[in-house]
Number of protein chains: 2
Amino acid sequence: MSDPQQNPVRLDALDRKILSLLQQDASLPLEEIAARAGASRTPVWNRIRRMREQGVIRGQVALLDAESLGLEACFFVLVRTTEHDADWAGRFLAAVRARPEVVEAHRLAGDIDYILKVVVRNARAYDRFYQSLISEVRIQNVTALLSMEEMKATHALPIPPG
Amino acid sequence: MSDPQQNPVRLDALDRKILSLLQQDASLPLEEIAARAGASRTPVWNRIRRMREQGVIRGQVALLDAESLGLEACFFVLVRTTEHDADWAGRFLAAVRARPEVVEAHRLAGDIDYILKVVVRNARAYDRFYQSLISEVRIQNVTALLSMEEMKATHALPIPPG
DNA sequence: TTTGAAAACATCTACAT
DNA sequence: ATGTAGATGTTTTCAAA
């Protein structure tokens, strides 16, 4: 937690194995993680602590089921703007950060300026979001891509080999 | 875990408060969650157990820092295909599921057929992924959107009010 | 809902390898 | 740097009030 992303940290095979287990299931007891990683508690625990301090492990969260929460619609929103000054960008950033239905937002290279991932109850809720967003910041062009089926979704990053 | 997404489960305000806390930080002690939710341990614990059984809570994972792992590039890949038969779709699904660098894949409504989110070390690694994918399944047209900046990224779903 | 208490677990230390 | 072992405090889990 102390050292947020001080870039490529050196990780050995045991570190990577531990990370791989933890990002699949962080509720495993330490002893189980140690067993599966082929080591014993103390070294595994020391590595976990070190990786937390280094910021490699950012935290631990519960994953919820969108459908159980009544969140049945997911849109990817492609945004083009004519305005590229810092003031506009700041207001757009604030608008996006303030809306919990925007679960992801990226600034892009190339001809589309931004992509958003928006999770809402239904199409009507998306429209409310959209109207609210364009009333707050001027946007040249918006294309909404509606997800019909989540084929794959993981929170596990691909851990590169050494 | 027993009852995967049996759709809109009834949740009261306390359930939602608990979920909101857990999806921000699942390492909080039960007592802390109870205190912040304004209840005591046992009822909170019973609700957490119930929501796990109902599949509202899908699990608990560690979140890793992409940069620390040397994963500096993120692409959104827009895929168009001419082939819409079940066989092609099955092979595409298998190809996508087999590749850990694809962290998300959706089948879309409309003129673009699929969107993928791909996390890799750099542009060269993306090109390897791309070459490998198109050698495995025929694809009509691919547009890759390169993320220059992750403006927002959360694993927390927006929890709708009652 | 609260309290209390048993069992499981994480955490840290010390020592040996 | 890793393993073993154990001490300590915390947390989960469950029973009972």
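Letters A, B, ... are given to chains in the order of the sequence lines, protein chains preceding strands, and every chain is numbered from 1. Please read these numbers as outputs of a predicted model, since none were measured by experiment. For the numbers below, each heavy atom of this structure counts, side chains included, while hydrogens, waters and symmetry mates do not.
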Requested in this report: Confirm from the modelled atom types if B/Ser40 and C/dT3 form a donor-acceptor pair under 3.5 Å, side chain to base only.
Outcome: no
Query raised in the report: Is the base of D/dT13 touched by the side chain of B/Thr42 through a donor-acceptor pair closer than 3.5 angstrom?
Result: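 No pair found.
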Spacing of [X] atom [atom1] relative to [N] atom [atom2], expressed in whole Å:
X	N	atom1	atom2	result
A/Arg50	C/dC12	CZ	P	16 Å
B/Glu53	D/dT13	CD	C1'	14 Å
B/Glu31	C/dT1	CD	C1'	14 Å
A/Asn46	D/dT2	CG	P	9 Å
B/Leu14	C/dT1	CG	C1'	12 Å
A/Leu28	C/dA8	CG	P	17 Å

**Report entry** Most 5' of A/Leu30 and B/Arg47 on DNA chain C, judged by nearest nucleotide
**Finding:**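 The residue whose closest nucleotide sits nearer the 5' end is B/Arg47.
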Requested in this report: Report the nucleotide, chosen from C/dC9, D/dA15, C/dC12, that has the shortest atom-to-atom distance to any side-chain atom of A/Pro29.
Outcome: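 Looking only at side-chain atoms, A/Pro29 lies closest to C/dC9.
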Query raised in the report: The side chain of B/Trp45 lies closest to which of these nucleotides: D/dC14, C/dT3, D/dG3?
Result: D/dC14
Query raised in the report: Does CZ in B/Arg138 sit with more than 12 non-hydrogen atoms of other residues, nucleotides or ligands closer than 6.0 Å?
Result: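 Atom CZ in B/Arg138 is not packed in, count stays at 12 or less.
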Query raised in the report: Above 12 or not: heavy atoms from other molecules or residues under 6.0 Å from CD of B/Glu31?
Result: no
Query raised in the report: For C/dA8, does OP1 or OP2 lie under 4.0 Å from any side-chain N or O of A/Arg41?
Result: no
